[in-house]
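Here the structure comes first, spelled out in structure tokens, and everything after it is commentary.
Numbers restart at 1 for each chain; the letters A, B, ... are given by sequence-line order, proteins then strands.
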Amino acid sequence: MASHYDFKNIEGKWQKEWENNNLYHTKNKDKKDNYYVLEMFPYPSGKLHMGHVRVYSIGDVIARFKRMNGLNVLHPMGWDAFGLPAENAAIKHGNIHPREWTWKNIKSMKEQMKALGLSYDWEREVATADPDYYKWTQWFFIKMFKNDLAYKKEQAVNWCPSCETVLANEQVVNNKCERCETVVDNKELEQWFLKITDYADQLLEGHQKLDWPQRVKTMQKNWIGKSKGMRIKFPIKEINSKLEVFTTRPDTIYGATYMVLAPEHPYLDQLISGKENEKRIRDFIKKIKDQKEEERTSPESNKEGIFTGSYATNPMTGEKIPILIANYVLMNYGTGAIMAVPAHDQRDFDFAKKYDLEIKAVIQPHDLERKLIGSKIKEAYSEDGYLINSDKYNNLNVKEAFEAIADDMEEKNIGNREVNYRLRDWLISRQRYWGAPIPIIYCNQCGTVPVPEEDLPVMLPDDVEFSPSGISPLAKSDQFVNAKCPKCGGMGKREIDTMDTFVDSSWYFLRYIDPDNQHLPFSKDRARDWFPVDQYIGGIEHAILHLLYARFFTKVIRDLGLTIEDEPFTKWLAQGMVLKDGEKMSKSKGNVVDPSKILDEYGADTARLFILFASPPEKDLEWSDEGVEGSNRFLNRVWRFVDEICDEIKDIQVNQGQIETNLDDESKKVYRKLHETIQKVTEDIENRLNFNTAISAVMELVNEIYHYQSTKEDDLDFEFLSYTTEKLLLLLAPFAPHLTEELWHKIGNQSSIHLDKWPEYNKKAIKRDQVTIVIQVNGKVRDRVKVDTEIPKEELKEIVFKQDKVKKYTENKEIIKTIVIPKKLVNVVVK
RNA sequence: GCCGGGGUGGCGGAAUUGGCAGACGCAUCGGACUUAAAAUCCGGUGGGAUUUUUUCCCGUAUCGGUUCGAGCCCGAUCCCCGGCACCA
């Protein structure tokens with residue numbers, strides 16, 4: 001008899017069978033029993049990597065488990081099919097169109113997914129590069145445009161010189177392009193933005209009801225960066241206007257001794273022209289503007305500034321205070337100008353020391369020992385305290401003063417309460433070919449005109465040269481560019497930029513629920529039945545980008561009236577990375593393990609089992625070839641056991657209700673273990689998504705069965721074994737779908753194991769008559785004793801004190817107390 | 001600097017509500033089977049001491065605290081990972 005199962009044969013056979021029977025097709029039903037589990041769809045690079053195998057294995061276990069528990073499960077898959085690699089491949093190889101390249105890759109990746117035995121409903125497959133899909137991406141853009149949520153403006157934007165396109169703030173990491181790690185430049189360009197900032201507060205508040213990892217919510221919170229403060233106007237007499245600043249500390253305004261403008265501030269020209277130092281000042285501004293972004297914005301770099309020669313008036317004190325320019329004030333946050341309070345802000349303090357500006361303390365610590373004396377301050381004091389040198393606000397604490405000053409300023413029209421965000425609007429224009437064209441036509445008469453909804457999609461033209469040149473390749477297609485104005489019928493020009501691919505992926509989860517809808521991106525009824533996604537699974541690297549955008553889109557879609565939901569993903573499991581030798585797998589490090597090789601050597605079930613067993617899903621997983629061997633060994637162990645007895649048990653009709661009545665002691669042990677395992681596996685999947693411990697529980701069960709076999713030898717109870725085998729296979733089915741299906745049929749079943757019901761555990765079976773109680777003396781384990789489970793405390797104590805060990809350790813000592821924890825332990829405390 | 005997560009055998013990890021630390025797997029050692037090996041099956045394996053089928057001590061990054069009892073709670077420190085950062 002063979003000691004290893006023929007995984008190649010078995011896996012191929014069942015994959016075909018499942019496909020032929022359309023086993024994983026999802027019917028649309030009312031909301032009641034629906035369950036939507038979704039893994040982040042991949043970019044079709046052409047090959048699956050281990051990270052993919054991990055995320056899809058996790059999703060597949062959940063989908064199969066929920067199905068077996070009687071739910072109507074939606075488990076779809078698709079392709080994030082627009083993007084640069086397709087274009088780069090076309091440029092590099094010259095003779096292949098991005099479309100061809102993309103669809104070729106989709107085909108091979110889909111085959112790999114099928115080889116993994118993933119239970120997708122392929123009839124719902126979507127690809128963002130398909131005109132049937134991007135038509136609706138464009139439709140959403142137009143809806144946003146009409147609702148003032150999409151707008152075009154000129155501003156300094158991030159430019160990646162390698163990708164030759166602009167990037168959103170979210171796509172710039174440490175001043176580098178998120179994709180290619182090239183240092184980004186600044187460019188003044190007119191670009192399309194989506195008004196995500198309108199939803200900043202909702203994006204923050206929505207976190208409350210999300211069952212997401214805390215760290216991810218924190219990341220998004222940091223990214224949104226909400227701060228409450230005031231916008232305050234400082235009059236500048238000489239140019240007869242007012243300089244606005246944003247501050248979170250209006251309570252310190254009596255200590256504002258100077259003002260600082262960003263070198264890009266629009267007032268500068270007026271302020272400095274004609275001043276005796278004008279040339280020096282202009283040279284300084286130029287120098288700062290030429291500074292690299294990194295240098296400019298690093299807190300470690302030196303603060304540099306120059307006096308403009310002008311003064312503003314502190315609106316509360318009436319004092320004249322100098323206006324300076326400095327590198328440490330940024331144009332893209334707040335108003336690009338600050339009131340400087342050196343006594344209570346470390347940055348202002350450092351700058352004031354360097355340029356010898358006045359430092360005036362206006363907050364005094366409650367702790368008198370730390371009393372601040374103006375000229376002797378060594379560092380800024382920014383903690384709590386009470387006000388001094390602040391006229392009628394003296395002696396108020398910081399919080400009271402904030403409110404009082406804010407009220408008064410609002411009344412006198414000096415300033416207004418304002419909330420500021422770090423979050424910027426989402427820049428979606430890309431100067432590249434392989435994306436959804438922005439559906440806008442520019443007309444000399446009518447201006448910026450959206451393409452009418454009935455004319456969508458605006459198709460990508462084929463006759464273009466892809467080589468990036470800083471402007472979109474679409475500019476080179478006359479047939480594309482020239483279009484009639486939808487309003488007046490005159491000749492207009494199309495927008496030539498395409499959309500950021502994150503736009504495509506911000507709503508794909510809604511298309512799956514109604515993929516063939518020709519009239520709308522999806523119908524409201526279907527959304528009601530399926531949306532939101534119950535369980536989303538994907539990499540932590542999307543914590544900010546994709547997940548923030550998708551949440552934003554969902555809120556916009558809600559406001560368009562297409563759903564009533566305002567969060568797309570109720571639960572999110574952020575799965576960890578797959579590492580090799582402690583590092584992320586990458587070509588440059590040469591530590592890549594190719595999934596197809598593992599599939600070839602061990603099969604899909606082994607690959608899935610290992611990846612689920614090696615680590616809990618949210619943690620990083622260290623790849624181990626020996627570990628894969630181990631998982632394979634376990635599956636073979638299951639196979640051998642069933643293979644050996646299947647002829648004996650396949651015709652046995654198990655009497656489910658009666659099974660426990662005739663068990664001998666050995667069988668009873670296995671029977672209890674089986675039901676304990678059912679409980680453990682069910683709870684581990686259902687409540688914790690801890691597949692590693694679920695699998696280890698099944699391993700323990702299999703060990704127990706082997707033990708039973710070797711103890712009983714020729715005296716096996718085959719009806720009981722038949723019962724046990726069935727349950728065992730059901731428990732393992734979500735993890736190893738092919739092997740369990742094969743064995744399921746071998747033991748005499750006709751229909752698929754994956755349509756069967758998840759086993760339930762028998763509460764009576766796992767109840768123990770006797771338990772082992774740990775006996776401690778002064779907290780140290782000294783003995784163990786087996787007693788009846790429901791033994792009264794007093795009786796248990798009596799038994800404990802009769803034990804020799806207990807006598808030994810309590811001899812000649814005073815017993816202070818005895819702690820009894822039923823079913824667990826007894827601790828005798830002595831002195 | 002601020003915020004969040006983490007640190008357990010040779011390794012991956014378990015301990016779910018403060019109650020037997022190290023489940024399960026890997027690696028390794030021993031036994032069975034074999035002419036032999038592989039595969040398989042059975043068993044040992046945190047460290048130390050010891051009278052070695054015994055008994056005890058130490059042990060969850062470090063130090064301290066709370067508690068009858070701490071891997072888990074509290075305080076301080078060190079280290080690792082992630083996010084944000086001249087954000088006013």
Side-chain angles (χ1 to χ4, degrees), chain A residues 1-4 173 213-227 229 245-249 252 260 262 296-303 326-330 332-341 345-348 350-351 420-422 540-541 543-544 579 609-610 613-616 618-631 633-634 636-637 640 680 683-684 687-688 690 692-700 702-703 706-707 709-710 772-784 805 816-821 823-830:
Chain A
M1 188 179 57
S3 61
H4 287 68
V173 179
Q214 186 52 48
R215 60 180 167 146
V216 175
K217 292 192 205 175
T218 308
M219 275 188 213
Q220 292 199 346
K221 191 175 163 220
N222 286 343
W223 187 262
I224 295 167
K226 179 176 183 171
S227 55
V245 301
F246 174 76
T247 178
T248 53
R249 297 293 305 274
T252 64
V260 190
R296 169 89 185 270
T297 57
S298 157
E300 283 83 40
S301 61
N302 282 328
K303 293 176 178 46
N327 59 347
Y328 79 97
V329 174
L330 309 171
N332 61 15
Y333 184 80
T335 62
I338 62 159
M339 66 176 209
V341 185
D345 182 291
Q346 192 59 40
R347 294 157 301 176
D348 296 342
D350 295 342
F351 189 74
N420 238 291
Y421 300 92
R422 210 192 73 95
I540 185 88
E541 67 273 18
I544 293 172
L579 309 177
L609 192 79
F610 166 71
F613 175 64
S615 175
E618 69 281 3
K619 278 187 71 170
D620 287 349
L621 180 153
E622 175 67 29
W623 184 265
S624 152
D625 291 335
E626 292 81 14
V628 177
E629 288 275 1
S631 294
R633 213 172 289 160
F634 169 70
N636 275 310
R637 211 163 139 82
R640 269 193 306 275
K680 168 94 178 137
E683 287 173 2
D684 278 354
N687 307 334
R688 309 200 304 159
N690 275 13
N692 55 333
T693 50
I695 292 166
S696 77
V698 180
M699 286 173 170
E700 284 184 54
V702 172
N703 291 345
Y706 266 74
H707 181 78
Q709 276 186 312
S710 71
T772 303
I773 300 284
V774 168
I775 302 175
Q776 297 183 333
V777 177
N778 281 352
K780 288 195 172 169
V781 180
R782 294 303 179 188
D783 207 353
R784 293 181 174 83
K805 289 272 181 59
I816 294 166
K817 59 175 156 177
T818 308
I819 287 128
V820 181
I821 309 292
K823 295 177 202 174
K824 289 220 165 117
L825 63 73
V826 175
N827 188 8
V828 182
V829 185
V830 298

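- For the pair A:Asn692 and B:A14, the criterion of a side-chain N or O lying under 4.0 Å from OP1 or OP2 is met.
- Residue contacts for A:Arg637: at a heavy-atom cut-off of 4.0 Å it reaches the sugar-phosphate backbone alone, with no base atom in range.
- B:C79 sits 34 Å from B:C68 when the C1' atoms are compared, rounded to a whole Å.
- A gap of 15 Å separates the C1' atoms of B:C20 and B:U60, to the nearest Å.
- Across all strands, A:Gln776 comes closer than 4.0 Å to base atoms (heavy-atom distances).
- In this structure, A:Arg688 reaches the B:A15 phosphate: one of its side-chain N or O atoms is under 4.0 Å from OP1 or OP2.
- Using a 4.0 Å heavy-atom cutoff across all strands shown, A:Val774 reaches at least one base atom of the nucleic acid.
- Between the side chain of A:Asn690 and the backbone N or O of A:Asp684, no donor-acceptor pair lies under 3.5 Å.
- Across the C1' atoms, B:A23 and B:A32 are found 27 Å apart, a figure rounded to whole Å.
- You'll find the side chain of A:Ile540 reaches within 4.5 Å of the side chain of A:Met219, heavy atoms only.
- When heavy atoms are screened at a 4.0 angstrom cut-off, A:Asn690 is found touching no nucleic acid atom at all.
- Nucleotides B:C33 and B:A38, compared at atom C1', are 12 Å apart to the nearest Å.
- For the C1' atoms, the distance from B:C24 to B:G9 is 14 Å, rounded to whole Å.
- Regarding A:Glu622, its CD atom lies at a distance of 12 Å from the P atom of B:C11, rounded to whole Å.
- A side chain to side chain donor-acceptor pair (under 3.5 Å) with A:Tyr328 is found for one member of A:Asp350, A:Asp348, A:Asn302 and no other, namely A:Asp348.
- Looking at which nucleotide of RNA chain B each of A:Arg249 and A:Leu621 is closest to, the 5′-most match is held by A:Leu621.
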What would the secondary structure line of RNA chain B be in dot-bracket form, counting Watson-Crick and G-U wobble pairs under 3.5 Å, with [ ] for pairs that cross earlier ones and | for pairs with another strand? (((((((..(((......[....))).(((((.......))))).((((.....))))..(((((..]....))))))))))))....
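- Of the possible donor and acceptor atoms, one in the side chain of A:Asn778 sits under 3.5 Å from a partner among the backbone N and O of A:Val830.
- Spacing between B:A70 and B:U8 at atom C1', rounded to whole Å, works out to 14 Å.
- In terms of position along RNA chain B, the nucleotide closest to A:Asp620 lies nearer the 5' end than the nucleotide closest to the other residue of the pair A:Asp620 and A:Thr248.
- No engagement by A:Gly225 is indicated, since no non-hydrogen atom pair under 4.0 Å with the nucleic acid exists.
- Considering only side-chain N and O atoms, A:Asn703 lies under 4.0 angstrom from the phosphate OP1 or OP2 of B:G25.
- Here B:G12 presents its C1' atom at 12 Å from CE of A:Met699, a figure rounded to the nearest Å.
- Considering only side-chain atoms of A:Ser615, the nucleotide from B:G83, B:C24, B:G13 that sits closest is B:G13.
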